[in-house]
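Have a look at the structure below, then the notes.
Not measured: the values here are computed from a predicted model. One-based numbering, in listed order, for ligands and for the atoms of each.
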Amino acid sequence: MSGDCNIGLIGLAVMGQNLVLNLLDNGNTVAVYNRTHSVTDDFVKQSANDRLVGADSLQAFVDALAKPRKIILMVKAGSPVDAVIDELQPLLDKGDIVIDGGNSLFTDSQRRSDALTPQGIHFVGCGISGGQDGARFGPSMMPGGDESAWPALKPILQGISAKTDAGEPCCEWMGDGGSGHFVKMVHNGIEYGDMQMIAEIYDLLRATGLNNETIAQRFDSWNQGRLSSYLVEITAQVLRIKDDDGSDWVDNIWDKAGQKGTGKWTAIQALELGVPGSITTEAVYARALSSRWEERQKLNAFYQPKQSLTNYDGLVDDAEAALYAAKLIAYAQGFSLLSEAAREYQWKLNMANIAQVWKAGCIIRARALDPIQKVFEQSPTLDNLMLSDFYRTELNGCESALRRLLARAIEGGVPTPALSNALAYFDGVRSARLPANLIQGQRNFFGAHEYERLPN
Ligand code: 6PG
């Protein structure tokens, strides 16, 4: 049997519900299924839309869909995705398309793609970014997998995705296998670094005695310029939220950061592929360290007090320039991880498209992605963004601010693992000579490991 719905969605948690409302707004006829049927019933009743069909069984859901069926899964990443696919697969026909929209590990998407292709089912792993609001009004989408599914999906997914200021869709085909979820993973790795670096700047500014409102004003004004980005914008908002008793909400939040794992996956991939991903990795460590709260309290009491941070004229301006430089370096690390993955996994990743897809709708959307897109349009195979004229001009202009700020942070004992690693990467990657000759010498001395002589 086949029905009239041009798309179906399984999993009606907030992200799933908001994607459905977005699909409906954009003219689609949508079938929905949720394991707990009352959730489907309530959602269908509330939405009161005659292009929305609620199904009380997977069979009814599949029957409501026009062929070839297009089914988006919005269930928890990991084994729940496999469980739904296992139940769904016997009900599907050759040519049907299954899209996993969760934050799945890219190797799982690769495995699912490999398992479904021989059955004639097209599998697409689609990274989706932008949280609940993105899902509702336009997310950034990173689909990858079986490319023969793309012509049928393209108008639907590009229809609901965010658009850049120039009207380009923030949804493009990424590549084969698990590439869509790989790109989303790297997005999250950059997100971790970005958030950590913003937090370090906030820590430095509060160490100079600035209050939350004044720091919020700085972030607001930075958001008008080259640092303009979603994360900078919401930082100002978060700093201004008040608790019921009038105190600043942010001051009452326990300083232990959680994590679902995508930052860690990025760090692991950077290690696996031998690409410096130090900013993301430090951001993951910083979250882990923050969570070791009791240990920190003990050590705080155990050592002599830190020196206080000494302010200087221009520190706030330096903070802006330092954050901008470090953010650019974090993007450079993220894109160089993508380049290496494309080589290793034989994906044809289009870096300009990836920059475009990240320009709106997603968590790391930022003005800086526009020049980055242009760099890749001009030099599609550039291995490291730091080799572009854009980077050279910007980093030459901001480097000294990053150094001055970090010198004060180090003297004053304000931990800046991500900002410091941005600078360390910059210094390392543009060093014609590194001390690795000595390491090779030591290795050879104690272990007769091989080494090479300098080329003449
Ligand atoms: C997005 C976000 C989203 C979420 C992750 C990361 O792109 O919309 O990245 O996927 O924030 O779940 O969360 P953690 O910080 O908990 O790892």
Side-chain angles (χ1 to χ4, degrees), residues 11 13-19 22 72-78 80-81 99-106 108-109 125-144 157 160-162 170-172 174 178 180-200 229-235 237-238 253-270 277 279-291 327 330-331 334 337-338 354-366 369 418:
V14 185
M15 286 290 285
Q17 291 197 7
N18 282 357
L19 266 188
N22 187 354
I72 303 178
L73 309 182
M74 292 301 293
V75 298
K76 202 169 162 359
V81 176
I99 308 129
D100 172 18
N103 260 334
S104 291
L105 182 60
F106 78 102
D108 284 345
S109 299
C126 183
I128 300 183
S129 176
Q132 303 169 20
D133 284 355
R136 178 67 188 88
F137 301 108
S140 162
M141 305 179 93
M142 292 145 258
L157 298 188
I160 62 166
S161 77
C170 293
C171 174
E172 293 289 352
M174 295 288 126
H181 276 130
F182 191 97
V183 174
K184 174 59 173 42
M185 180 194 78
V186 174
H187 164 283
N188 281 31
I190 294 173
E191 173 186 307
Y192 269 59
D194 228 345
M195 292 172 76
Q196 176 62 27
M197 293 189 300
I198 288 172
E200 290 172 14
S229 62
Y230 173 71
L231 285 169
V232 165
E233 180 190 333
I234 66 160
T235 299
Q237 292 172 11
V238 168
I253 298 176
W254 202 353
D255 50 331
K256 302 195 305 183
Q259 50 182 315
K260 294 207 193 86
T262 46
K264 186 175 79 181
W265 294 346
T266 313
I268 291 171
Q269 270 301 302
I279 300 173
T280 300
T281 308
E282 281 301 334
V284 175
Y285 282 144
R287 289 196 191 188
L289 193 146
S290 77
S291 297
K327 186 183 177 73
Y331 283 122
L337 177 56
L338 290 172
I354 294 172
Q356 174 187 312
V357 165
W358 289 349
K359 268 166 55 173
C362 68
I363 305 295
I364 64 165
R365 61 187 185 254
L369 282 159

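Within a 6.0 Å radius of CD in Gln132, other residues, nucleotides and ligands contribute 12 heavy atoms or fewer.
Between Gly131 and ligand 1, a contact under 3.5 Å exists for at least one N or O pair.
Here the CD1-CD1 distance, from Ile364 to Ile190, works out to 4.5 Å after rounding to the nearest 0.5 Å.
What sits closest to atom 7 (O) of ligand 1 on the protein, heavy atoms only, is Ser129 OG, 2.5 Å. Protein heavy atom nearest atom 9 (O) of ligand 1, with residue, atom name and distance: Glu191 OE1, 2.6 Å. Nearest non-hydrogen protein atom to atom 17 (O) of ligand 1 is Tyr192 OH, 2.5 Å.
Residues Asn188 and Trp265 fail the side-chain proximity criterion, which asks for heavy atoms closer than 4.5 Å. Contact annotation: the side chain of Met74 approaches that of Ile128 to within less than 4.5 Å [non-hydrogen atoms, C-beta and beyond]. Using a 4.5 Å cut-off on side-chain heavy atoms (C-beta onward), His187 and Cys362 make contact.
For Lys184, the closest heavy-atom approach to ligand 1 falls below 4.0 Å. The shortest separation from a heavy atom of Gly263 to ligand 1 is not under 4.0 Å, leaving the residue out of contact. At least one heavy atom of Gly130 sits under 4.0 Å from some atom of ligand 1.
Of the possible polar contacts, one joining the Ser291 side chain to the Ala257 backbone as a donor-acceptor pair under 3.5 Å is found. Using modelled atom types, one side-chain atom of Glu200 and one backbone atom of Ala418 make a donor-acceptor pair closer than 3.5 Å.
When each atom of ligand 1 is checked for a heavy atom of His187 under 4.0 Å away, the hits are 7 (O). Ligand 1 places these atoms under 4.0 Å from at least one heavy atom of Asn188: 5 (C), 6 (C), 7 (O), 9 (O), 10 (O). Interface atoms of ligand 1 facing Ile363, defined by a heavy-atom separation under 4.0 Å, are 1 (C), 2 (C), 7 (O), 8 (O).
In the candidate list Arg287, Lys260, Gln259, Arg287 is nearest to atom 15 (O) of ligand 1, counting heavy atoms.
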(request) Test Asp108 against Ser104 for side-chain hydrogen bond (donor to acceptor under 3.5 Å, both in side chains), laying out the working first. (result) CA-CA 7 Å; Asp108 284 345; Ser104 291; 5.9 Å; no
